[in-house]
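Below is one structure, written out as structure tokens; the observations come after it.
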Amino acid sequence: MGTIAKIHEMLTTKQCSCVELTKSYLSEIEKSHAELNAYVNITEEEALKTAQAVDKKISLGEELGMLEGVPMTLKDNISTKGIETTCCSKMLKGYKPVYNATVWDILSKNNAVLLGKTNMDEFAMGSSNETSCFGVASNPVNTSYVSGGSSGGVASAVGANIAPYGLGSDTGGSIRQPASFCGVVGLKPTYGAVSRFGLVAFASSFDQIGPITKSVEDASIVFDAISQQDDKDSTSKGYVGGDTFSKLNNDIKGMKIGIARQYLDGLNDDVREAVLKASELYKKLGAEIVYFDLTSLKYALPAYYIIACAEASSNLGRYDGIRFGYKTESYDSIHDMICRTRSEGFGDEVKRRILLGTYVLSAGYYDAYYKKAQSLRGAIIKAFDDAFTQCDVILAPTVPTTAFKKGDAITNPVQTYLTDICTVPVNIAGLPAVSLPCGFDSNGMPIGMQLIGKAFGESTILNVAYKYQQTASECFKDTKWGVKL
Amino acid sequence: MSYELVAGFETHIELATKTKIFCGCTTQFGGEPNTHCCPICIGLPGTLPKLNREVVDFAIRAGLAVHGEVAEVSKMDRKNYCYPDLSKAYQISQLYAPLIIGGYVELSSGKKIRLHHIHIEEDAGKLIHQGIDTYVDYNRGGVPLIEIVSEPDIRSIDEAREYVEKLQQIMRYIGISDCRMQEGSMRCDVNVSVRQKGEEKLGTRTEIKNMNSINNIAKAMKYEFERQVSLIESGGEVVQETLRYDDVTNTTSSMRSKEDAHDYRYFCDPDLVTIKISRDEVEQIKATLPMLPAEKCQKYVNEFDIPEKDAILLTKYRKISEYFDEAVEGVKSAKTVSNFIIGQIFRRTETEADKEVFDVSVSPSQLNELVKLIDNGKIKNNLAKATLEKMLDTGKGALEFISESDMGGLDENALIELCKQAVETNSKAVEDYKNGKEKAIKALVGNVMKNSRGKADATVAEEKIKELIG
């Protein structure tokens, strides 16, 4: 039984009150904070208020929705009205949005209990949660390792049982990679399935909000709730295909699971082994494994970094200290004020990407970089379309490695960019993908695999993922931390 | 050496849509600073633009009114630059696939000033300087604009004037903007270059900004033309730069040179989807366009026999021509209606602003009724004029002031009686007339008109009086 279903049962059968449950999560958050640093803002008052409202409903015998009263967390780049939303940047410390992100509107109307906002790489730029102005979030499996990024805080909290589920965001792998590192489930929806309104923009044509959970079932429940079309986001289509939850347990006999040969290159040995082992398990479940080539895969990473940084350089132009956010203390002209504010307010990785993005869009370089990257993007989209004529889902590793040791990623940015090689093609093509744990390396650190689907193929990938979790439950190992339900 | 002026315009027009281009804030002018704003137009983190379709409609109307081609597929692009009045540090505009391609504005000479394109974009906020402080008001940020870019077809300052006036008139006619240069709802930047007469190649152009009236445009262009010519004649070279016009000193001065020119790093805005416009939609919009001033003017001249200079006055503003159209229904002499409007009614709508609004106390149907009384011989022109004055004073219809007894003509005997009366009671006027003062007869005629309550025919009365005096 998934965590959400378990909590729902506990509340409706009155095994505990929502307030009691919430308090136990808050207590565990506090206990583990020094070591994990998963949360950057704990919203105790808000959480207990909602919990009280849910308890009232229960006492009146009213029906409770599946997500009602379930404590959860939001990555700190998701706008919460009246609650600090910092993107873990000095630039937005103290910034309180005056409106809710659509996804939070949806969940809060369903009485989701917000425990707090979680840690992330600054402005979602990073793969280890080490660019955060609040310090790194630790991997709950072993705290000398990073949680991953950029949704490191959410993955850490979920892995440490100090949040039953959380919403992160994925631009180049930021949900899936930390999920993989922390041994939990992370779903990046099809581009356009979930509204981006209220998500602080990093790269507009890639960003998507998605759930990080302990089980596939939980991811399905949360996805079904948040995947509504939103008029405020012109790129949002919502999920068109009914719900994913009712299809989780469908038989996967005869399902064609594709493996791109290029995806198996450059992996750590134990990662390759674990993914291949998973394919063997799928064969036992009656699926057919189909090998194919995805030769344009190698262009995905450079195309991604060019386009994403270009969009980011534009999206982050608004941080100038004039209307909101950090502002430098002394300056002698408007130009000086803006320069100093941005130099002081942004961290190094953010600056690096703004510079890169500005460069690839600049006169004289636009054609060679940005325009070329866009046509590569088109080629990759087509390559995936072709692949899906041969198979129903694609099985791939999530990351070529397991979690980095703290301090390793930050020393060589470009090396770190290269570790996005498995996740980024999915964002380029706008496809859905779910990461789930499929083994452990020799140090006991989790290995993650991805199931990539056609556009709006969430029910298929979640179905295939669910079947795996049912069969390979040993990969879904719990950690010592947090609330034991 | 004889030099030729070559000029082109980039005109920004604020669209009078109900709400801004990417959010639901009002486009109303004025208001307390930063009160017509929301998270979207202030560019708060996480917000996204949503295209207001009314803006596209308005732009299509504008495009059709200047004979442009409406694109089937159009895209929004980001124009990136940093300035305090630009809340997102980029302006959402169009570069790669504008909404309207081509088009032209026809001058009275028949010459067509060609348009390159028209695109839609959002306006920026406003900076307010007070002493050493500068404040920003974002009320205007996000107000929809169309930018009309012409080809460098203009060859004289008169042509430039006419181009701007005609553009203004057309856009007002189709109701998409009030095009007030002083208020900033219409802004013109002009590109000016010179070349020797007969030369085909274009000279280096400069761009002049900040002219808030057509007169200032003319003055600025004249100054710039002379400056460039004298620069070239003295062996210098025109530098491509942006100039601002100073209306106090009547000079242009450099704002920024080519070296400082912005690199806007345009790219397609990923937050907005492609704008698709069906041909059906275009036809539907076309059907709602009113007849444009040039066409209307021709119609008045050809169909109603109105002299061209009067037709121009009647079609200057849409409301006047609509008033005229209604007042002229079924009337024998359109010219009579025209005369009443241009004469007495215009005297009541003295300013251009009054004429544009044309809020007249007499309705077109009331004027129509009055003129029909003349048509049917029920009253004479003079009575009609006097009655119209009373109607304009009170807003009441003609029949409030004209009774049955006023209608119908005056028989000849009655007329002669009145003439005799006039002569007898106005001996001084008679004396003056006999002594050569021709104009004195008017007083006697006036007396007859008054006593006949306007029913007498003034011309006949004058004849009779002359006969009586001998």
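Just so it is clear, the structure is predicted and the values come from calculations on it, not from any experiment. Residue numbering restarts at 1 for every chain, and letters A, B, ... go by the order of the sequence lines.
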Inset, instruction - Inspect the contact between A/Asp233 and B/Lys50 and indicate whether a charged nitrogen and a carboxylate oxygen are less than 4.0 angstrom apart. - result: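 Judged by the 4.0 Å cut-off on N to carboxylate O distance, B/Lys50 and A/Asp233 do not form a salt bridge.
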Inset, instruction - Just do the side-chain contact (heavy atoms from CB on, under 4.5 Å) check on B/Ile40 and A/Tyr99 with the steps written out, would you? - result: CA-CA 11 Å; B/Ile40 297 170; A/Tyr99 72 98; over 6 Å; no
Inset, instruction - Output, in order, the C-alpha distance, side-chain angles, deciding distance and verdict of side-chain contact (heavy atoms from CB on, under 4.5 Å) for B/Asp271 and A/Arg196. - result: CA-CA 10 Å; B/Asp271 291 330; A/Arg196 288 184 297 119; 2.9 Å; yes
Taking everything shown except [X] itself, do over 12 heavy atoms lie less than 6.0 Å from its [atom1]?
X        : atom1 : result
B/Gln28  : CD    : no
A/Lys96  : NZ    : no
A/Arg342 : CZ    : yes
B/His116 : NE2   : no
B/Tyr96  : OH    : yes

[X] versus chain B, the contacting section by heavy-atom distance below 4.5 Å:
X        : answer
A/Asp207 : neither
A/Ala101 : neither
A/Thr358 : both
A/Asp231 : both
A/Ser205 : both
A/Ile338 : side chain

Top contributor to chain B interface from [options] [non-hydrogen pairs under 4.5 Å]:
options                                : result
A/Asn315, A/Ile78, A/Asn77, A/Leu316   : A/Asn315
A/Ser204, A/Ser79, A/Ser313, A/Gly317  : A/Ser204
A/Gly325, A/Ala201, A/Ala203, A/Gly198 : A/Gly198

At what distance, to the nearest 0.5 angstrom, does [atom1] of [X] lie from [atom2] of [Y]?
X        : Y        : atom1 : atom2 : result
A/Ser234 : B/Met76  : OG    : CE    : 11.0 Å
A/Asp320 : B/Cys82  : CG    : SG    : 6.0 Å
B/Asp263 : A/Ser362 : CG    : OG    : 6.0 Å
A/Glu311 : B/Cys268 : CD    : SG    : 9.5 Å
A/Ile334 : B/Tyr83  : CD1   : OH    : 9.0 Å
A/Ile322 : B/Tyr138 : CD1   : OH    : 5.0 Å

Is it true that the side chains of [X] and [Y] contain a donor and an acceptor less than 3.5 Å apart?
X        : Y        : answer
B/Asn80  : A/Ser314 : yes
A/Tyr370 : B/Arg265 : no
A/Arg323 : B/Asn34  : no

Legend entry - Per-residue contact mode, B/Pro84 against chain A (heavy atom under 4.5 angstrom):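 For B/Pro84, heavy atoms of backbone and side chain both lie under 4.5 Å from chain A.
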Legend entry - Heavy-atom check, side chain of B/Pro270 versus side chain of A/Phe206, under 4.5 Å: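 In short, these two side chains do not touch, never coming nearer than 4.5 Å.
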Legend entry - Closest heavy-atom pair and its distance - B/Thr47, A/Phe197: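 Minimum heavy-atom contact is CA-CE1, 4.0 Å.
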Inset, instruction - Would you list the pairs meeting salt bridge (Lys or Arg N to Asp or Glu O under 4.0 Å) in which at least one residue belongs to residues 130-144 of chain B, sequence neighbours left out? - result: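 For residues 130-144 of chain B: B/Asp123-B/Arg140.
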Inset, instruction - Go through the steps to decide whether B/Leu44 and A/Tyr95 satisfy the test side-chain contact (heavy atoms from CB on, under 4.5 Å), and finish with yes or no. - result: CA-CA 10 Å; B/Leu44 291 186; A/Tyr95 167 72; 3.9 Å; yes
Inset, instruction - Check the pair A/Gln374 / B/Phe267 against side-chain contact (heavy atoms from CB on, under 4.5 Å), numbers first and verdict last. - result: CA-CA 11 Å; A/Gln374 289 285 32; B/Phe267 69 100; over 6 Å; no
